[in-house]
Amino acid sequence: MHAYNPSKIEKKWQSYWLENKTFRTPEDEEKPKYYVLDMFPYPSGDGLHVGHPEGYTATDIVARYKRMNGYNVLHPIGWDAFGLPAEQYAIRTGTHPKQTTERNIGRFREQLQMLGFSYDWDREVNTTDPDYYRWTQWIFLKLYEMGLAYQDEVPVNWCPDLGTVLSNEEVIDGKSEVGGFPVVRKPMRQWMLRITEYADRLLEDLEDLDWPESTKEMQRNWIGRSIGADIEFEIKGHDDSLRVFTTRPDTLFGATYMVLAPEHHLVEELTTNEQRDDVEAYREEAAKKSDIERQEMNKEKTGVFTGSYAINPASGEEIQIWVADYVLAHYGTGAIMAVPGEDERDWEFAEKYGLPIIRTVEPPEDFDGKAWTGEGKSINSGFLDGLEIEEAKLKMIEWLEEQGKGQKSVNYKLRDWLFSRQRYWGEPFPIVHVDGVPKPLPEDVLPVTLPEVDDFKPTRTGEPPLARAKEWVETTDPESGKPALRETNTMPQWAGSCWYYLRYISPEFDGGPVEKKKENYWMPVDLYVGGSEHSVLHLLYARFWHKVLFDCGVVSTDEPFQKLVHQGMILGEMEYTAWRRGGEYLAPDSPKIEEEGVERVRLSETDVEKRGEKFYLKGSDVEVEARAYKMSKSRGNVINPDDIVRQYGADALRLYEMFMGPLEQVKPWSTRGVEGVYRFLNRVWRLMIDEKSGKLHSHLSDEQPTRDQLKALHEAIKKVTEDIDEMRFNTAISALMVFVNEANQWENLPKEVLESFLLILSPFAPHLAEELWSRLGHEKSLAYELWPKAEEDYLKSETVMYPVQVNGKVRGEIHVDADKAKQKELVLEAAKAEKNVSRYLESGELVKEIFVPGKIVNLVVKE
RNA sequence: GCCCGGGUGGCGGAAUUGGUAGACGCGUCGGAUUCAAAAUCCGAUGGUGGCAACAUCGUGCGGGUUCGAGUCCCGCCCCGGGUACCA
């Protein structure tokens with residue numbers, strides 16, 4: 001038997017590519033370059049899941065395609081290997097994270113090679129390698145030098161039971177996501193990066209990037225730039241004044257009270273003796289809650305009066321100053337002027353505590369709601385009355401500036417980046433503390449490597465695990481020779497991924513993170529593919545670092561990633577579910593399905609039928625829920641790529657993942673669908689190989705291809721080429737299938753045609769294409785063959801078909817010689833003569849003729 | 001609540017600028033091959049009516065523009081993702 005045997009040919013070609021270094025990045029700079037990048041994976045213990053090959057196949061297709069189009073292609077891969085899972089595993093088992101990481105990387109590498117990706121394996125980077133993090137530390141020194149890294153005492157989410165700080169995302173309802181342990185807010189000395197300094201550039205430079213609009217929008221929202229004014233309020237009986245930020249200076253006349261965040265530095269001073277107990281109690285209560293809890297408990301606003309009064313600078317009225325946790329300490333100045341008439345939050349608060357409300361914008365006549373936040377003319381606002389909001393804002397700012405009571409101001413939601421973690425498995429900071437003062441280490445002592453410790457668990461006091469390495473911590477300042485203590489915090493996982501795309505360019509270079517000349521050639525990344533879950537964090541942090549590196553002359557572009565695409569998530573297989581209690585079925589939306597004794601019934605596709613909008617158990621009225629879920633271990637719907645490759649081969653997996661639908665879209669897995677593309681690959685095989693003899697089929701010939709054959713081929717070339725350019729891989733594959741379906745009908749197959757076909761198939765199913773290519777007598781890999789060009793000449797057909805409509809409905813079609821197809825009169829003549837069309841013309845009066853050359857004929861007939 | 005996506009056969013999806021709605025694949029049904037099955041090959045496959053030719057309805061719902069609307073405009077509904085007291 002000589003059937004298509006993917007496991008055999010795939011292994012063969014994978015070793016061929018590795019041994020011959022087929023995909024080594026060219027070192028010459030004569031050809032145009034193309035840098036195609038995947039978001040590198042965190043090598044988890046679970047190995048690859050089917051989501052990884054989705055994006056990786058897409059970039060691999062593009063990489064292979066670009067090589068065949070004469071580009072020098074840089075297509076690397078590496079490992080984002082610092083991180084919590086390896087450390088948690090180390091805490092549990094005592095295995096050094098280095099070992100876990102190494103083992104996992106080995107597995108990932110094997111799996112990626114098994115899928116036939118054309119990476120340059122000589123450029124692998126690993127963020128945990130001291131030769132790599134040496135440069136992560138070097139970049140940190142640059143940040144420090146530029147005044148962008150600083151230490152600050154900030155409250156963090158500290159989880160004593162896990163012995164670590166957690167990010168906001170890792171805290172749910174005041175408990176740790178992992179294990180459900182309590183989390184407390186605790187001020188700790190932390191390293192911060194001044195990303196806010198770059199807020200404007202990060203915002204403005206989004207403009208020119210070829211990124212998904214939604215991702216750009218998320219970054220814009222995250223940066224959250226808003227324009228307004230800072231206004232100074234005098235405090236009755238105090239020298240201090242209160243400054244607030246507002247985007248609505250036009251509403252100043254309606255500011256009827258003020259609110260300070262509980263953490264505001266003036267709270268204590270402004271609290272009168274009668275109010276002190278209440279205010280203290282309120283602040284204490286607020287301090288206990290995490291940010292997240294505060295947001296959760298926001299159903300009803302709370303607050304207390306300080307007893308002090310401020311003066312509204314516009315109206316001159318005395319207004320009460322309150323403390324309430326609906327005002328955030330870290331946004332603006334931590335204090336607001338409250339304008340209940342124009343702000344829903346303030347309205348709610350004012351109503352609850354009986355504070356005065358003044359409208360300053362005329363609501364529409366039929367408006368009967370509370371705060372009015374829409375457009376309108378100013379009212380009750382002295383010199384602003386009658387103005388529209390925008391004009392009123394300008395005039396108020398002008399007035400404030402004249403009075404010296406305020407000025408135009410811009411604020412950001414973006415906060416500085418908390419850059420340190422109390423963990424072991426991360427990059428050490430290149431910092432020592434001499435006499436308690438942090439001091440950067442000189443470049444030439446880098447890397448500061450991780451010391452060995454006997455316990456990876458942080459201490460209960462919050463001291464990082466590195467503090468246990470006494471001999472490492474206690475060192476001397478290489479410059480002054482004084483005793484010094486090393487920084488024991490480590491960098492967060494984002495650090496290494498902020499610049500890895502630069503290291504690929506010159507992975508061995510030891511004069512800096514990247515070699516200047518090569519950087520100049522390869523940057524920016526032309527295509528970057530990865531999940532949308534990194535829309536803000538990774539992609540914002542990396543852009544920030546890149547801009548810093550640009551400012552200090554390390555890189556030549558001000559943005560790293562020119563084009564960005566997110567692959568959509570792959571869900572588990574479609575599930576049909578009914579619920580039953582006793583013998584009785586329950587409706588899917590019944591609240592009873594959560595109850596005990598209710599049994600879940602998994603149904604197969606053949607058990608259900610669709611009626612109207614809903615699915616039912618066949619032949620019954622039992623409603624069935626039909627949907628696909630996220631893959632998860634607990635649900636048991638995880639598809640393992642290894643299994644798929646074993647059964648159908650890597651080419652089938654690659655092809656299926658691209659054929660499922662548009663790359664960016666969320667889509668459910670279907671193993672049946674894999675079988676479909678597997679059948680297609682088999683048809684390709686049998687088209688050329690005689691399964692009895694295992695040799696080339698006898699109907700392969702050296703004859704000249706016919707016109708029809710050339711037409712079929714060049715239509716496929718055209719479609720596949722355009723579709724790869726636009727990253728529409730699903731329709732490209734469909735075009736390949738159409739060609740094979742047609743070629744299967746042919747009596748003889750000119751090799752010339754098949755060769756071109758194999759070339760356009762090769763980015764998608766590289767193993768099969770290489771195998772058949774070599775069987776056609778080629779000695780070298782097809783990886784650098786020239787991509788075939790679609791010849792317009794062959795695409796022309798001898799006749800042109802026109803659908804003929806009567807009143808916009810298709811009633812027939814006509815075929816016209818191609819050279820006469822643009823002749824209006826002739827085409828209309830033929831159209832009117834068509835038999836099913838003519839009967840409509842007989843029964844009515846022809847009032848209008850629409851002729852769209854090459855497209856359609858429409859005849860408008862009246863009654 | 002707000003901001004983005006998206007609703008097309010039994011299913012995944014196609015229709016590139018307003019021009020034959022349903023390419024390609026899955027599934028289903030029928031046939032060929034086979035002792036039988038798997039595999040393979042051929043054919044049919046949106047609904048309804050009809051022996052058929054054909055007609056009619058049909059792209060979430062309701063309107064509109066147009067010779068012609070899945071595609072454009074107005075008003076809704078539903079689903080997915082993000083975000084949330086940011087003054």
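Every chain is numbered from 1, with letters handed out A, B, ... down the list of sequences.
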*Taking for each residue the nucleotide of RNA chain B bearing the nearest heavy atom, is the 5' side occupied by Ser532(A) or by Asn682(A)?*
Asn682(A)
_Earlier contact from the 5' end, RNA chain B, for Met801(A) and Ile336(A)_ = Met801(A)
Rounding to the closest angstrom, what is the interatomic distance between [N] and [M] at atom [atom1]?
N       : M       : atom1 : result
rG13(B) : rA32(B) : C1'   : 31 Å
rC73(B) : rA52(B) : C1'   : 43 Å
rA44(B) : rA38(B) : C1'   : 23 Å
rU66(B) : rC72(B) : C1'   : 10 Å
rG62(B) : rC67(B) : C1'   : 24 Å

*Hey, mind stepping through Ile850(A) and Ile856(A) against side chain to side chain contact (heavy atoms under 4.5 Å, CB included) and telling me if it holds?*
CA-CA 8 Å; Ile850(A) 313 281; Ile856(A) 207 162; 5.6 Å; no
*Partners passing side-chain contact (heavy atoms from CB on, under 4.5 Å) against Ser214(A) (at least two apart in sequence or in another chain)*: Pro212(A)
Go along [range] 5' to 3' and tag each nucleotide: B for a protein heavy atom under 4.0 Å from its base, S when only backbone or sugar atoms are that close, - otherwise.
range                        : result
nucleotides 59-78 of chain B : --------BS----------
nucleotides 4-15 of chain B  : S-----SSBSS-
nucleotides 45-55 of chain B : ---------SS

Measure from the side-chain heavy atoms of [X] and tell me the nearest of [options].
X         : options                   : result
Arg686(A) : rC85(B), rC41(B), rA23(B) : rC41(B)
Thr246(A) : rU40(B), rA87(B), rG27(B) : rA87(B)
Lys855(A) : rC3(B), rG19(B), rU20(B)  : rG19(B)
Met737(A) : rG19(B), rC24(B), rU40(B) : rC24(B)
Val327(A) : rG19(B), rA87(B), rC85(B) : rA87(B)
Arg683(A) : rA87(B), rG25(B), rG27(B) : rG25(B)

*Name of the residue among Tyr678(A), Trp669(A), Tyr648(A) meeting ring-ring contact (aromatic ring centres under 6.0 Å, His included) with Tyr656(A)*: Trp669(A)
*Once Watson-Crick and G-U wobble pairs under 3.5 Å are found, how is RNA chain B written in dot-bracket notation, 5' to 3', with | for any base paired to another strand?*
(((((((..(((......[....)))((((((.......))))))((((....))))..(((((..]....))))))))))))....
_I want to check one thing: is the phosphate of rG27(B), taken as OP1 and OP2, less than 4.0 Å away from some side-chain N or O of Arg679(A)?_
yes
*Does Asn741(A) have a side-chain nitrogen or oxygen under 4.0 Å from the phosphate oxygens OP1 or OP2 of rG25(B)?*
yes
Check the angle between the aromatic planes of [X] and [Y] and answer parallel, tilted or perpendicular using the 30° and 60° thresholds.
X         : Y         : value
Phe349(A) : Trp322(A) : perpendicular
His534(A) : His538(A) : perpendicular
Tyr331(A) : Phe245(A) : perpendicular

_Per the salt bridge (charged side-chain N to carboxylate O under 4.0 Å, His left out) rule, what does the pair list look like for residues 729-738 of chain A, sequence neighbours excluded?_
none
*asked:* If you compare all heavy atoms of Val827(A) against all heavy atoms of Ile814(A), which two are closest, and at what distance to 0.1 Å?
replied: O-CD1, 3.6 Å
